[in-house]
Number of protein chains: 2
Amino acid sequence: MALDRRKMIVEAATKSFSLFGYKATTMDQVAKLANVGKGTIYTFFKNKEELFEEIISSLVKEMIAEAEFVIQPDLPFTENVHRALYRLLEFRSQHQLMIKLVQEEKEMGTLAVAEKLQHVENEIIEYLKGKIDAAITKGAIPAADSEITCFLLLKMYIALVSDWERNHEPLSSEQIAEVMKVFLLKGLV
Amino acid sequence: MALDRRKMIVEAATKSFSLFGYKATTMDQVAKLANVGKGTIYTFFKNKEELFEEIISSLVKEMIAEAEFVIQPDLPFTENVHRALYRLLEFRSQHQLMIKLVQEEKEMGTLAVAEKLQHVENEIIEYLKGKIDAAITKGAIPAADSEITCFLLLKMYIALVSDWERNHEPLSSEQIAEVMKVFLLKGLV
DNA sequence: TAGTTGACCAAAAAACTAAATCAGTCAAAG
DNA sequence: CTTTGACTGATTTAGTTTTTTGGTCAACTA
């Protein structure tokens with residue numbers, strides 16, 4: 001039971017962050033949940049924020065693995081862009097920790113949380129940029145500023161998946177694919 | 001001097017909302033600025049929020065007049081879309097009242113302010129929808145769900161004009177036009 | 001002695017309370 | 001009739017006390 005203490009700490013913290021958010025999670029609580037003395041946590045992590053950072057890193061890896069899993073090399077490039085982005089935002093709206101963090105940022109404006117969510121967004125853009133740059137190199141799509149393009153693509157999907165829901169019925173994956181196809185394939189005009 | 005009391009009240013309130021925001025503006029202050037007894041305000045407006053609503057209505061009219069002013073019927077449709085949207089967001093980032101309200105929403109989360117900014121956004125989308133529907137009817141662009149399209153167009157411009165600046169050097173009007181041309185004219189692929 | 005612990009501390013946050021402020025009213029004045 | 005500002009109850013703020021929390025470290029195991 002008391003074998004991998006580090007792993008137990010990370011699991012306990014993940015559970016508590018997911019349930020109560022970052023600020024409302026105390027180190028005493030994490031220690032108790034992990035069946036560990038509080039001091040032990042500080043032998044593995046410099047402080048609460050570093051523990052949080054490690055969990056966010058795993059989260060990013062998990063998200064990118066999910067996106068990677070959904071890509072099929074034989075499908076058209078735009079189809080894969082849609083699949084990857086849609087999966088990433090689906091993850092964001094289904095994964096308990098992500099839901100809680102987004103909520104905490106909006107409602108309490110916790111600084112550490114805002115920073116980490118920004119970090120997640122940057123990592124996603126970096127991941128997309130790799131894909132786009134590869135497609136440009138391969139000649140599959142014309143050259144363009146890939147950072148601005150990825151940034152804009154992500155914002156478009158966030159708009160269609162999350163922002164739209166504030167005032168309308170949610171759009172299905174197919175509807176979103178349909179709208180995006182216009183912009184990705186032919187342009188509006 | 002004491003002729004159009006209603007106008008003086010609206011002007012005083014506009015000045016105060018622009019300078020201090022909605023919450024930090026008191027009705028006593030507006031009355032004093034307008035050289036009017038506080039009771040007089042309540043003969044024209046049911047309450048503070050209704051006074052605010054009238055000012056927001058004027059703001060929307062002003063914004064749409066600015067967008068309208070910048071449109072030139074002989075230019076290509078996409079060029080006019082860019083001009084109108086860019087002008088609307090330029091207005092948002094230059095007009096004192098808009099700056100203050102956006103700041104107040106972000107920093108204090110004042111409910112009435114959030115509602116009114118949402119209203120402004122809805123009005124802009126409604127205005128754009130009129131333009132897009134007209135272009136579809138004229139056969140200038142292919143048919144599509146114009147509400148989703150307008151919503152997405154606005155979000156794209158907000159992303160390029162405002163969101164991008166959080167982590168990067170601002171993009172010039174020309175750079176934004178360039179990026180949008182890709183999506184509007186030919187599509188990414 | 002290397003790894004673990006929880007009592008302990010300063011600092012931050014929450015809870016509480018008294019004082020001040022504010023939106024809206026209305027009797028009196030013009 | 002219109003205009004006014006003193007007035008009121010509800011809300012906010014400011015100041016203070018109490019509680020909680022992140023992080024440390026001397027003592028304690030195994």
Side-chain angles (χ1 to χ4, degrees), chain A residues 1-56 100-101 104-105 107-116, chain B residues 1-56 100-101 104-105 107-116:
Chain A
M1 181 61 82
L3 269 132
D4 198 345
R5 308 176 103 73
R6 190 194 154 92
K7 195 177 161 193
M8 299 194 70
I9 290 165
V10 171
E11 272 169 16
T14 304
K15 186 174 282 180
S16 187
F17 288 153
S18 301
L19 232 45
F20 310 112
Y22 177 71
K23 243 204 102 198
T25 290
T26 70
M27 294 304 260
D28 283 286
Q29 201 175 57
V30 173
K32 189 167 284 178
L33 256 170
N35 274 325
V36 145
K38 186 161 62 157
T40 308
I41 300 177
Y42 289 88
T43 65
F44 293 113
F45 302 96
K46 209 176 92 236
N47 51 37
K48 188 181 178 183
E49 192 158 356
E50 211 173 68
L51 171 59
F52 188 32
E53 264 158 26
E54 167 140 341
I55 289 168
I56 292 292
K100 197 73 201 176
L101 293 179
E104 184 172 351
E105 185 194 15
E107 286 174 13
M108 325 185 18
T110 316
L111 185 67
V113 172
E115 281 172 7
K116 267 66 192 178
Chain B
M1 182 61 81
L3 268 133
D4 198 344
R5 309 175 103 74
R6 190 193 153 92
K7 195 178 162 191
M8 300 194 68
I9 290 165
V10 171
E11 272 168 17
T14 304
K15 186 174 282 181
S16 188
F17 288 153
S18 301
L19 232 45
F20 310 112
Y22 177 72
K23 244 204 101 196
T25 291
T26 69
M27 294 304 261
D28 284 286
Q29 202 176 55
V30 173
K32 189 168 281 178
L33 256 170
N35 275 324
V36 145
K38 186 160 63 157
T40 308
I41 301 177
Y42 290 89
T43 65
F44 293 112
F45 302 96
K46 209 177 93 236
N47 52 37
K48 187 181 179 183
E49 192 159 354
E50 212 174 66
L51 171 59
F52 188 33
E53 265 158 24
E54 168 141 338
I55 289 168
I56 291 293
K100 197 72 200 178
L101 293 179
E104 185 172 350
E105 186 194 15
E107 284 174 14
M108 324 184 19
T110 316
L111 186 68
V113 171
E115 281 172 8
K116 267 67 191 178

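Just so it is clear, the values below take in all heavy atoms, side chains as well, and ignore hydrogens, waters and symmetry mates.
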Measure the distance from CG on A/N35 to P on C/dT4 and round it to the nearest whole Å. 14 Å
Between A/L111 (CG) and C/dA13 (C1'), how many Å, whole number? 16 Å
Listed by chain and number, what are the side chain to side chain contact (heavy atoms under 4.5 Å, CB included) partners of B/T40, not counting sequence neighbours? B/R5, B/I9, B/V36, B/T43, B/F44
Listed once per pair and sorted, the salt bridge (Lys or Arg N to Asp or Glu O under 4.0 Å) pairs that draw on residues 12-21 of chain A, sequence neighbours left out: none
Just distance, no hydrogens or angles: give the donor-acceptor pairs under 3.5 Å from side chains in residues 23-30 of chain A, sequence neighbours left out.
unit_1 : atom_1 : unit_2 : atom_2 : d
A/T25  : OG1    : A/S16  : O      : 3.2
A/T25  : OG1    : A/S16  : OG     : 2.9
A/T25  : OG1    : A/G21  : O      : 2.7
A/T26  : OG1    : A/Q29  : N      : 3.0
A/D28  : OD2    : A/K38  : NZ     : 3.4
A/Q29  : OE1    : A/S16  : OG     : 3.0

N/O (side chain, A/T40) to phosphate O (OP1/OP2, C/dT5) under 4.0 Å: yes
Who passes salt bridge (charged side-chain N to carboxylate O under 4.0 Å, His left out) against B/E54, sequence neighbours left out? B/R6
Work out which heavy atom in B/L101 is nearest to a heavy atom in B/I56; give both atom names and the distance. CD1-CD1, 3.8 Å
Where along residues 9-19 of chain A does a heavy atom come under 4.0 Å from DNA chain D, residue by residue in number order? none
A/R6 side chain N/O closer than 4.0 Å to the phosphate oxygens (OP1, OP2) of C/dG3? no
Restricting to pairs with a member in residues 19-39 of chain B, which pass ring pair (Phe, Tyr, Trp, His ring centres under 6.0 Å), not counting sequence neighbours? B/F17-B/Y22, B/Y22-B/F52
What is the separation between atom CZ on A/F44 and atom P on D/dT24, rounded to the nearest whole Å? 16 Å
For B/K7, which residues count as a side chain to side chain contact (heavy atoms under 4.5 Å, CB included) partner, sequence neighbours excluded? B/D4, B/E11
Write down the protein N/O and nucleotide N/O pairs, taken from nucleotides 19-28 of chain C, whose separation is under 3.5 Å; answer none if there are no such pairs.
unit_1 : atom_1 : unit_2 : atom_2 : d
C/dA23 : OP1    : B/T25  : O      : 3.2
C/dA23 : OP1    : B/K48  : NZ     : 3.0
C/dA23 : OP2    : B/M27  : N      : 2.8
C/dA23 : N7     : B/K38  : NZ     : 3.1
C/dG24 : OP2    : B/Y42  : OH     : 3.2
C/dG24 : OP2    : B/K48  : N      : 2.8
C/dG24 : N7     : B/K38  : NZ     : 3.0
C/dG24 : O6     : B/K38  : NZ     : 2.4

Using atom CG of B/D4 as one end and atom P of D/dT3 as the other, report the distance to the nearest whole Å. 11 Å
Salt bridge (Lys or Arg N to Asp or Glu O under 4.0 Å) pairs, two or more places apart, involving residues 41-50 of chain A: A/E49-A/K116
